[in-house]
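Here the structure is a predicted model, which is why all the values come from computation and not from measurement. Lettering follows sequence order; numbering is per chain, from 1.
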Amino acid sequence: MQLEQLLQTHFGYPSFRPGQKEVIGQLLDGRDTVALLPTGMGKSLCYQLPGYIFNKPVLIISPLLSLMQDQVDQMKQFGEKRAVAINSFLNRNEKKLVLDTLHRYRFIFISPEMLVQPQIIQRLNRLDLALIVVDEAHCISQWGFDFRPDYLKIGEVLKEDRPPILALSATATEKVLEDIRRFLKMRDPFEYIHSVDRPNIRFGKKVFQTREEKMEWLLDHVTQTEGPGIIYTRSRKRTDEIAAQLLQLGISVSSYHGGKEAEDRQFIQQQFIEGALDWIVATNAFGMGVHKENVRQIIHDTMPSNVADYMQEVGRAGRDGKDAIAILLYSEGDEEVARFIAGEDLPSETQMELYEEYRNRKVDPKEMIQDGFISETTFRVLHYWMGLYPLEEVKSIFRKMMNEKYRSVDEMLRIVKSDRCIREQLVEYFGQTLKDKPEHCCEHCGIDYQQFLLPRQDTKAATAPSTWQMRLRQILLGTD
DNA sequence: CGGCGTGACACTAGTGTCACGCCGGTGCTCTAGT
């Protein structure tokens with residue numbers, strides 16, 4: 001049967017979107033595949049259809065619990081009951097039940113941390129899988145080295161005789177692609193690479209002398225233009241401060257960061273998606289797995305620490321294909337904080353030496369955590385590398401990592417400070433060349449801001465606060 | 001590295017100055033003890 005017919009049978013769509021057919025075709029031939037497709041281009045279909053065609057389970061490795069949960073719920077909603085997520089939400093009994101009946105599921109979602117556990121991977125390797133999928137595969141490169149080292153172990157725990165791997169992401173540089181191929185142990189993968197350019201997003205930029213001027217501009221801008229929008233900033237504290245100021249000006253807004261309760265985070269995200277909230281002020285915790293089509297503005301109060309993060313964050317605008325704008329704000333010295341944050345979490349040489357010392361004294365290095373010498377996260381990262389290489393080499397690896405991070409900040413800064421076309425520079429960063437420029441391209445090519453920014457409609461403030469607004473106030477102000 | 005809050009102190013009754021210390025992002029899982 002033709003692929004189109006199968007698509008019609010299983011999903012009721014008459015034709016594929018760009019890239020889907022090529023990717024699925026390669027997977028059906030048993031070839032490892034990397035697919036870089038912009039968000040909203042139907043990435044999940046690339047593994048769902050082969051799952052049905054092979055009539056075997058598909059394993060999907062996913063970075064976030066909330067993302068897995070959403071995907072399972074969504075599948076169930078569309079009538080696919082054989083979807084499950086293996087993660088810490090399951091209690092011991094539930095986990096055992098799922099593991100004992102794995103073959104009955106069609107789509108199995110799992111985190112890298114869970115995947116690499118010996119008792120889990122044994123079970124999974126015994127299963128006759130159609131496909132192994134790594135969703136948001138850039139996480140291997142973005143998080144694997146210094147944050148979630150289990151991302152680097154995926155390739156090595158999979159058995160030799162495995163089904164094809166599909167790595168999915170929206171953006172990746174050649175370096176990230178290399179990491180994906182290497183750490184997933186892919187074999188001569190087919191690569192489908194869509195242009196990273198998003199023609200409907202305009203790239204604005206505003207440079208200020210002082211912090212105060214920047215803040216003033218931000219408040220003015222948000223009160224005068226229509227959302228929905230996301231404001232990205234550096235620290236948790238600052239998200240709360242900006243949100244509080246905007247709230248006072250009558251904006252429907254909430255802050256969002258990793259320090260909030262999971263329940264509150266989910267609630268805030270849901271309100272934003274449903275349109276009950278116009279603006280979110282967030283750290284880089286916000287965004288992955290947020291499926292909202294009509295985000296019109298992305299504003300960076302502080303620059304991210306690398307171009308790849310910037311592209312990911314900006315890419316959350318205008319998924320509906322309509323006009324959207326990204327505005328990057330900069331005031332002198334912003335890069336210093338980016339630099340500090342980028343390097344801060346890496347283990348210090350003293351910690352590395354201490355690890356070695358514990359090991360030589362036959363003390364479990366893990367006790368460094370209880371002894372207050374290292375955070376749990378940093379320990380996990382250090383433990384991974386010390387398990388692979390001798391001390392001196394580990395030192396040099398982290399020195400390289402640190403330099404790499406500083407260089408990434410500089411690359412971002414170069415774009416901020418340059419007068420060249422922003423779109424061109426972003427696309428070049430990903431090793432691609434820009435073919436066409438849209439009419440309204442970027443700050444340097446010229447943007448008519450008025451044309452894209454609708455004046456704010458002041459209707460919502462007039463209505464009495466509803467339940468969700470009360471709930472948000474509780475979350476934001478901590479009052480009942 | 002730099003911003004910001006705090007507290008001590010000075011010079012004169014409330015405000016100004018300055019030194020000092022603190023803080024700064026991203027997520028998973030498991031377990032002991034409440």
S.K.: Which base sits across from B:dC4 as a Watson-Crick or G-U pair, both distances under 3.5 Å?
M.R.: B:dG21
S.K.: Without decimals, in angstroms, what is the distance between A:K366 NZ and B:dT29 P?
M.R.: 15 Å
S.K.: Which value, in whole Å, describes the distance between the C1' atoms of nucleotides B:dT29 and B:dG7?
M.R.: 43 Å
S.K.: Counting the benzene-type ring for Trp, do A:F373 and A:Y355 have ring centres under 6.0 Å apart?
M.R.: no
S.K.: Using atom CD1 of A:I369 as one end and atom P of B:dT31 as the other, report the distance to the nearest whole Å.
M.R.: 14 Å
S.K.: B:dG25 P sits how many Å from A:Y310 OH, rounded?
M.R.: 21 Å
S.K.: A:S235 side chain: which of B:dG24, B:dC30, B:dG27 is closest?
M.R.: B:dG24
S.K.: May I ask you to check whether A:K43 and A:S169 show a side-chain donor-acceptor distance below 3.5 Å?
M.R.: no
S.K.: Determine, answering yes or no, if A:W143 is stacked on B:dT26 under the 5.5 Å centre rule and the 30° plane rule.
M.R.: no
S.K.: Give me the distance, rounded to whole Å, that separates B:dT12 from B:dT17 when you measure between the P atoms they each carry.
M.R.: 14 Å
S.K.: Closer than 4.0 Å, any side-chain N/O of A:Q312 to the OP1 or OP2 of B:dT26?
M.R.: no
S.K.: How is A:Q142 classified with respect to the nucleic acid when contacts are heavy atoms under 4.0 Å: base, sugar-phosphate, or nothing?
M.R.: nothing
S.K.: From NZ of A:K237 over to C1' of B:dG25, roughly how many Å is that when rounded to an integer?
M.R.: 16 Å
S.K.: Would you indicate what A:P63 reaches in the nucleic acid, counting non-hydrogen atoms under 4.0 angstrom: base, sugar-phosphate, or nothing?
M.R.: sugar-phosphate
S.K.: How many whole angstroms separate atom NZ of A:K260 from atom C1' of B:dT26?
M.R.: 17 Å
S.K.: In this structure, how many angstroms lie between the P atom of B:dT29 and the CZ atom of A:R148, rounded?
M.R.: 8 Å
S.K.: Side chains of A:Y47 and A:D135 only: does a donor on one sit below 3.5 Å from an acceptor on the other?
M.R.: no
S.K.: Are A:L346 and A:T378 close enough that some pair of their side-chain heavy atoms sits under 4.5 Å apart?
M.R.: no
S.K.: Return whichever of A:Q117 or A:I341 has its heavy-atom-nearest nucleotide of DNA chain B closer to the 5' end.
M.R.: A:I341
S.K.: So, does A:R234 get its side chain near the phosphate of B:dC23, meaning an N or O under 4.0 Å from OP1 or OP2?
M.R.: no
S.K.: Do A:D32 and A:R181 meet the salt-bridge criterion of a basic N to acidic O distance under 4.0 Å?
M.R.: no
S.K.: Considering only the C1' atoms, how many Å lie between B:dG25 and B:dG5, rounded to the nearest integer?
M.R.: 22 Å
S.K.: Return the nearest nucleotide to the side chain of A:R236; candidates are B:dT26, B:dG27, B:dC30.
M.R.: B:dT26
S.K.: So if I take every side-chain heavy atom of A:F147 and compare against B:dT29, B:dG25, B:dT26, which nucleotide ends up nearest?
M.R.: B:dT26
S.K.: Does OP1 or OP2 of B:dT29 have a side-chain N or O of A:S88 closer than 4.0 Å?
M.R.: yes
S.K.: Identify whether any heavy atom of A:N87 sits under 4.0 Å from a base atom; if not, whether one sits that close to sugar-phosphate; answer base, sugar-phosphate or nothing.
M.R.: sugar-phosphate
S.K.: Heavy atoms under 4.0 Å, any strand shown: does A:R211 hit a base, just sugar-phosphate, or nothing?
M.R.: sugar-phosphate
S.K.: Within the 3.5 Å criterion, strictly below it, is a donor on A:N294 or A:K292 matched to an acceptor on the partner's side chain?
M.R.: yes
S.K.: Counting only side-chain nitrogens and oxygens, does A:K95 get under 4.0 Å of the OP1 or OP2 atom of B:dC30?
M.R.: yes
S.K.: If you look at every strand shown and take non-hydrogen atoms under 4.0 Å, does A:R380 touch a base, only sugar-phosphate, or nothing?
M.R.: base
S.K.: Please give the nucleotide sitting opposite B:dA10 as a Watson-Crick or G-U wobble pair, both distances under 3.5 Å, or none.
M.R.: B:dT15
S.K.: For a quick check of understanding: with a heavy-atom distance under 4.0 Å over all strands, which category does A:G333 fall into, base, sugar-phosphate or nothing?
M.R.: nothing
S.K.: Pairing check on B:dG33: which nucleotide meets the Watson-Crick or G-U wobble criteria with it, both distances under 3.5 Å?
M.R.: none
S.K.: Quick check on B:dT26: is either OP1 or OP2 less than 4.0 Å from any side-chain nitrogen or oxygen of A:T283?
M.R.: yes
S.K.: Mind checking the P distance from B:dT26 to B:dT31? Whole angstroms is fine.
M.R.: 26 Å
S.K.: In whole angstrom, give the distance that lies between atom NZ of A:K153 and atom P of B:dT29.
M.R.: 14 Å
S.K.: Do we see A:F340 stacking on the base of B:dG24, given a limit of 5.5 Å between centres and 30° between planes?
M.R.: yes
S.K.: In this structure, how many angstroms lie between the P atom of B:dT26 and the CG atom of A:L67, rounded?
M.R.: 17 Å
S.K.: Side-chain donor-acceptor pair under 3.5 Å between A:S408 and A:N306, yes or no?
M.R.: no
